[in-house]
**Student:** 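Supplied in structure tokens, the structure appears directly below.
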Amino acid sequence: MKPMPELVAQDGRTLAADHPESPLAIAGMTVSYGDKPVLFSVDFVTPPGAMLAVIGPNGAGKSTLIKAALGIVPRVSGKVTVFGAPWRDARHRIAYVPQRASVDWDFPATVLDVVLMGQYREIGFLRFAGARHRSRAMECLERVGMQGFAHRQIGQLSGGQQQRVFLARALAQQADLYVMDEPFAGVDAATERAIIAVLKDLNAQGKTIICVHHDLATVQDYFSHVLILNLRKIADGPVSATFTPENLQSAYGGRLAVAQIDRIAVG
Amino acid sequence: MNGFLQALLLQAGYNTALVTVGAAILGASAGAIGSFVLLRKRALVSDAISHATLPGLALAFIIMAGLSGDGRWLPGLMIGAGISAGLGLLVVDWLTARTRLAEDAAIGAVLSVFFGAGVVLMTVIQTLQTGRQAGLSGYLLGSTAGMLRSEAQIIAIAAAVTGLAIFLLRRPFTLVCFDAEYAAVRGINVRATDLAMMGLLMAVTVIGLKVAGLVLIVALTIIPPVAARFWTDRPGRMVVIAAMIGAVAAWLGAVVSSLDRGLPTGSLIVLFSFALFVVSMLLSPRRGLLAGIAHRLRFQGLVHERQGLIALARAEPIYDSQTLRRLKARGWIRPDGVATLKGRAAAAAAQRDEARWSLYRNLHPEAAAGSPSQGIRPLAEVLPPDLIADLDRRLGAGSDFHEVRI
């Protein structure tokens with residue numbers, strides 16, 4: 001086993017292929033909207049079994065990083081591997097939880113329909129969802145406390161409940177890597193606790209979790225690793241070594257008061 | 001009337017029956033693909049596609065008339081219409097992707113330019129002396145009168161094949177319509193899926209030109225799905241119901257137009273599908289207007305019950321006659337206004353729920369403000385059990401919230 005972040009090659013070209021055990025390895029990734037780069041030459045290797053927060057100021061490219069890594073947004077350059085394979089071949093091992101805003105909540109679908117979408121692969125192209133799929137979907141709903149809502153239309157739920165349903169859909173995929181885009185945005189405190197409990201449980205089973213996260217105050221409680229971004233990678237590694245005042249200062253600059261940084265950062 | 005019944009039950013001759021069945025299959029396919037297009041929020045694209053068929057149709061006619069003297073061969077016309085519709089679709093796509101034009105503006109531009117070019121070509125055809133142009137105008141508003149048996153067969157078979165393709169692609173269609181980004185991560189090629197969706201929409205449009213007409217076919221891909229949305233909150237069912245509505249409307253339209261040669265089939269189909277839409281809008285038990293009124297009345301009743309129970313719990317007098325009526329009807333008070341045992345239990349439960357609600361409003365003001373029937377329905381119907389347990393823990397730790405005074 002190679003030691004992880006120390007091996008980051010500065011040119012980044014061979015990095016991703018060198019880490020077959022990493023759930024998500026990114027080498028030299030640049031993403032731009034039009035001529036404006038939103039991420040520049042990011043190298044990053046997710047340690048297996050990490051509970052990772054992607055943090056950075058607004059517009060730092062946090063969501064873009066995961067969207068580009070998962071092939072939702074085109075990359076200008078860079079290479080991505082998922083468990084050592086090109087992401088095309090390993091994407092069934094990824095469960096993606098998008099931001100709530102990306103969905104039309106008036107869509108004719110019940111909570112159960114949404115969770116069943118997570119089992120798209122097993123149900124198959126042509127067959128209909130059977131009792132087995134439905135009972136698995138109900139199990140996943142139970143894990144997020146939503147079993148009583150299976151037949152509600154999704155638009156009738158609160159923001160926190162919608163997020164729980166998205167998490168249940170991800171659980172239904174039985175993936176090894178969970179990638180979540182701001183799962184706690186617009187969510188009540190009890191739902192945040194419920195979600196983090198499920199994530200910690202998954203993490204204890206050896207699953208890797210990557211969350212785009214904006215609440216710096218909870219980083220130390222929730223996560224084991226952190227990736228700090230602002231257009232470029234600022235720092236990455238275990239929270240205890242990386243979530244430092246210096247790194248936060250260089251990512252957020254004047255956007256965080258010094259007193260604030262001292263309160264939330266390590267050491 | 002007798003003729004209508006005969007035609008309705010396919011007893012008015014083999015040709016009429018074949019046309020009717022073909023129209024119904026077409027209506028079903030149009031309703032099904034229309035549902036997905038509507039959910040993808042691209043309903044207007046079908047308008048651009050259908051109008052863009054006209055120049056291709058006219059050119060195909062001119063070419064075939066020049067070659068053989070008869071320009072009315074249906075498969076040839078379909079191919080011409082398909083090519084120009086595909087071209088129109090590509091232009092809409094290109095304008096949207098490569099310029100700053102929004103899709104609705106691109107649709108408007110393509111629709112009018114292609115249709116205008118088509119009308120010019122149709123005028124040219126009218127000046128031609130050959131080609132047996134009679135009946136070509138039927139493609140504008142749809143006409144099944146005098147349709148050849150082979151034409152009806154082509155329409156029926158092509159529509160059935162299209163319907164089958166829609167069935168096979170239903171899963172990627174649903175995922176892409178709901179959340180294209182999630183679908184992409186799951187390994188669905190969103191661009192290819194969109195292309196397939198638009199391709200099938202185009203196929204339905206081209207197949208339906210003769211029956212529904214290019215000006216009106218768009219109604220067959222939009223109205224049935226919108227009507228179907230009233231009846232269900234599930235994606236698969238919406239597609240099936242839209243297909244059924246489309247089939248019934250097309251069936252009736254074909255039957256009625258077979259009774260009198262003057263009635264254009266397309267207009268009749270549109271009117272029938274609109275009638276089904278109105279019925280759906282009024283009568284749907286889920287989202288219909290009448291259901292909405294009933295829901296409001298039920299909600300009003302709930303409010304009166306809730307207010308009455310809380311008044312009972314606080315031993316306050318109740319004056320509102322409707323409240324008294326509801327409480328009596330539920331067996332919560334006796335005719336003299338004294339609470340029954342059942343009424344006291346209900347009042348205590350309402351009081352407890354009221355405490356939960358007020359704590360919930362304190363702790364999560366935004367979530368509470370956004371939740372449906374705030375403070376009227378039991379909170380346990382609105383929140384997941386762990387949140388309820390959390391609220392109850394806090395309430396228990398507090399003071400005597402559970403105390404009920406009667």
Side-chain angles (χ1 to χ4, degrees), chain A residues 67 70-73 87-88 91-92 94-99 102-104 106-110 112-114 117-118 120-121 123-129 141 144-149 151-161 164 166 169 173 179 181 186-191 193-194 197, chain B residues 35 38-41 167-172 174-175 177-190 225 228-239 241-242 286-287 360 363-373 380-391 393-394:
Chain A
K67 283 187 179 174
L70 298 180
I72 299 169
V73 165
W87 70 270
R88 265 173 215 294
R91 60 184 156 203
H92 60 278
I94 308 172
Y96 170 59
V97 179
Q99 270 180 17
S102 72
V103 168
D104 166 19
D106 196 37
F107 197 86
T110 60
L112 189 63
D113 290 323
V114 173
M117 286 180 196
Y120 165 74
R121 211 179 136 88
I123 296 173
F125 221 64
L126 301 180
R127 284 181 301 145
F128 291 92
L141 281 173
V144 297
M146 291 292 288
Q147 67 275 25
F149 296 75
H151 301 294
R152 300 262 178 110
Q153 196 267 333
I154 48 169
Q156 297 168 0
L157 307 177
S158 73
Q161 291 167 346
R164 289 173 189 234
F166 269 2
R169 178 176 71 174
Q173 276 177 245
V179 182
D181 200 346
V187 151
D188 55 87
T191 295
R193 273 199 305 281
Chain B
S35 301
L38 181 78
L39 292 176
R40 192 83 176 106
K41 307 211 183 313
F167 174 76
L168 295 179
L169 289 170
R170 70 195 189 282
R171 236 170 252 290
T174 309
L175 262 95
C177 288
F178 180 61
D179 183 352
E181 294 191 351
Y182 177 78
V185 176
R186 294 310 302 276
I188 293 171
N189 186 330
V190 175
R229 183 66 185 88
F230 281 106
W231 296 99
T232 179
D233 275 333
R234 309 200 63 178
R237 286 183 199 170
M238 174 175 161
V239 175
I241 294 171
R286 277 175 180 276
R287 296 160 70 106
Y360 180 56
L363 292 174
H364 312 291
E366 282 168 34
S371 72
S373 23
E381 286 178 17
V382 181
L383 294 184
D386 60 318
L387 271 175
I388 295 290
D390 178 63
L391 291 174
R393 234 184 346 268
R394 288 163 194 264

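Chain letters run A, B, ... following the sequence lines, proteins first and then strands; every chain starts at 1.
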**Student:** Compare all side-chain heavy atoms of A:P108 with those of B:L39 and state whether any distance is below 4.5 angstrom.
**Tutor:** yes
**Student:** What option among B:L383, B:T232, B:L391 has the most heavy-atom pairs under 4.5 Å with chain A?
**Tutor:**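 Max contact count across the listed options: B:L383.
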**Student:** Could you check whether any side-chain heavy atom of A:D113 comes within less than 4.5 Å of a side-chain heavy atom of B:F178, counting everything from C-beta outward?
**Tutor:** no
**Student:** Is chain B contacted by the side chain of A:A189, its backbone, both, or neither, given a heavy-atom distance below 4.5 Å?
**Tutor:** both
**Student:** I'd like to know whether A:D181 forms a side chain to side chain contact (heavy atoms under 4.5 Å, CB included) with B:E181, so could you lay out the CA-CA distance, the side-chain angles of the two residues, the decisive distance to 0.1 Å, and finally the verdict.
**Tutor:** CA-CA 12 Å; A:D181 200 346; B:E181 294 191 351; over 6 Å; no
**Student:** Could you grab the distance from atom CZ of A:R164 to atom CG of B:L387, nearest 0.5 Å is fine?
**Tutor:** 5.0 Å
**Student:** Heavy-atom cut-off 4.5 Å, strictly under: side chain, backbone, both or neither for A:A129 against chain B?
**Tutor:**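 For A:A129, the backbone is the part near chain B, not the side chain.
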**Student:** Who wins among A:L70, A:D104, A:T191 for the most heavy-atom pairs under 4.5 Å with chain B?
**Tutor:**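 Highest number of heavy-atom pairs under 4.5 Å: A:D104.
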**Student:** Please look at A:L157 and chain B and tell me whether the side chain, the backbone, both or neither of the residue comes under 4.5 angstrom of a heavy atom of that chain.
**Tutor:**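 When you check distances to chain B, no heavy atom of A:L157 falls under 4.5 Å.
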**Student:** How far apart are the closest heavy atoms of B:T174 and A:F107, and which atoms are they?
**Tutor:**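 What the structure gives for the nearest pair is O-CZ, 4.1 Å.
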**Student:** Heavy-atom distances under 4.5 Å only: say whether B:R286 touches chain A with side chain, backbone, both or neither.
**Tutor:**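 No part of it gets close to chain A.
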**Student:** Of all heavy-atom pairs between A:M117 and B:R186, which one has the smallest distance, and what is that distance?
**Tutor:**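 Minimum heavy-atom contact is O-NH1, 3.3 Å.
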**Student:** Write down the atom of A:A109, the atom of B:P235, and the distance for their closest heavy-atom approach.
**Tutor:**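 Looks like CA-CD, 3.9 Å.
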**Student:** May I ask you to test the B:V185-A:V179 pair for a side-chain heavy-atom distance under 4.5 Å?
**Tutor:** no
**Student:** Using every non-hydrogen atom in the two residues, find where A:Q161 and B:P384 come nearest and quote the distance to one decimal.
**Tutor:** NE2-CD, 3.2 Å
**Student:** With chain A, which of B:P385, B:P172, B:A180, B:G187 has the greatest number of heavy-atom pairs at distances under 4.5 Å?
**Tutor:**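 Sorted descending by pairs with chain A, the first entry is B:G187.
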**Student:** What pair of heavy atoms forms the shortest contact from A:D106 to B:R229, and how long is it?
**Tutor:**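 Shortest heavy-atom contact: O-NH2, 2.8 Å.
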**Student:** Are the side chain of B:R171 and the backbone N or O of A:R121 linked by a donor-acceptor pair below 3.5 Å?
**Tutor:** no
**Student:** Can you check whether B:D386 reaches A:R193 side chain to side chain, under 4.5 Å on heavy atoms?
**Tutor:**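 The answer is no, as the side chains (C-beta and beyond) never meet within the 4.5 Å cut-off.
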**Student:** Minimum heavy-atom separation for A:R127 to B:R170, with atom names?
**Tutor:** O-NH2, 3.3 Å
**Student:** With respect to chain B, which residue among A:H92, A:R152, A:H151 yields the maximal number of heavy-atom pairs within a distance under 4.5 Å?
**Tutor:**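 Most pairs with chain B among the choices: A:R152.
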**Student:** Which word best sums up how the rings of A:Y96 and B:Y182 line up, parallel for under 30°, tilted for 30 to 60°, or perpendicular for over 60°?
**Tutor:** parallel
**Student:** Mind ranking B:V190, B:L169, B:L175 by heavy-atom pairs under 4.5 Å with chain A and telling me who comes out on top?
**Tutor:** B:L175
**Student:** Where on A:T110 is there a heavy atom nearer than 4.5 Å to chain B: the side chain, the backbone, both, or neither?
**Tutor:** both
